[in-house]
Amino acid sequence: MEPDSLPTEVILTHPRQSLGKVRLDWMPQPGNYLELKGKTYAVLERHHHYQYKIGGYSLHKMSLYVQSAKSPTEKSLIDGRWVVGDASCRFNAKSELLRCAVNPEGPCKGCRFYELLSK
């Protein structure tokens with residue numbers, strides 16, 4: 001099966017329920033955002049399911065565990081990956097899921113805790 005048509009079940013983590021099955025043409029990583037039926041979800045986990053065929057195992061389907069989320073408006077590119085918030089702040093978590101410990105909901109602009117990261 002080609003990766004551009006991989007059957008994927010999308011599962012909401014809380015309350016646990018299946019949001020449906022889709023075919024994805026990309027491989028979402030934890031921290032990516034997924035639009036499904038007009039709503040935005042943050043990908044928390046990705047599980048691969050393999051099937052044995054003559055000659056070995058092959059990727060058969062995938063499960064994504066997600067939570068409801070707002071797509072972040074503030075992002076920074078660090079070492080080829082996008083993180084939430086302003087990465088020049090000392091308190092930024094450098095994470096795809098969490099902005100920072102002192103102001104996790106944001107926004108970074110105008111935050112009273114902002115401190116420029118010292119080099």
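Numbers for residues simply follow the sequence, beginning at 1.
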Just by distance, with hydrogens left out, do Gln51 and His49 show a side-chain donor and acceptor under 3.5 Å apart?
no
So Ser68 and Tyr41, side-chain contact (heavy atoms from CB on, under 4.5 Å) or not? Walk me through it.
CA-CA 5 Å; Ser68 293; Tyr41 299 95; 3.7 Å; yes
Are Leu34 and Pro28 side-chain neighbours, meaning at least one heavy-atom pair lies under 4.5 Å?
no
Heavy-atom donor-acceptor pair, Lys37 side chain to Leu19 backbone, under 3.5 Å:
yes
Side-chain (Ser76) to main-chain (Gly85) donor-acceptor, under 3.5 angstrom:
yes
Joint cluster assignment, Met62 & Leu59, ILVMFWY side-chain distance < 4.5 Å
yes
Quick one, Val84 and Lys75 - any side-chain contact, counting heavy atoms below 4.5 Å?
no
Output, in order, the C-alpha distance, side-chain angles, deciding distance and verdict of side-chain contact (heavy atoms from CB on, under 4.5 Å) for Arg90 and Leu116.
CA-CA 6 Å; Arg90 176 175 99 105; Leu116 186 62; over 6 Å; no
Run the numbers on Lys109 and Glu74 for side-chain contact (heavy atoms from CB on, under 4.5 Å), then give the verdict.
CA-CA 9 Å; Lys109 185 176 183 178; Glu74 296 176 308; 4.0 Å; yes
Residues Phe91 and Phe113: closest non-hydrogen pair is CE1-O, 3.2 Å
Checking the side chain of Asn103 only, and the main-chain atoms of Tyr114 only, is there a donor and an acceptor separated by less than 3.5 Å?
no
Count I, L, V, M, F, W, Y as connected when their side-chain heavy atoms are under 4.5 Å apart, and connections chain through other members. Are Trp26 and Tyr33 then in the same cluster?
no
Are His48 and Met27 side-chain neighbours, meaning at least one heavy-atom pair lies under 4.5 Å?
yes
Non-hydrogen side-chain atoms of Leu24 and Leu64 separated by less than 4.5 Å:
yes
Contacts of Tyr65 that satisfy side-chain hydrogen bond (donor to acceptor under 3.5 Å, both in side chains) - sequence neighbours left out
none
Show me the donor-acceptor pairs, under 3.5 Å and distance only, between side chains in residues 6-16 and residues at least two apart or in other chains.
unit_1, atom_1, unit_2, atom_2, d
Thr8, OG1, Leu6, O, 3.1
Glu9, OE2, Ser18, OG, 2.9
Thr13, OG1, Val66, O, 3.3

Hey, does the side chain of Asn92 reach the backbone of Cys89 with a donor-acceptor pair shorter than 3.5 angstrom?
no
Student check: side-chain heavy atoms of Lys61 and Lys21 closer than 4.5 Å:
no
Is there a continuous path of hydrophobic side-chain contacts, each under 4.5 Å between heavy atoms, that joins Ile78 to Leu117?
no
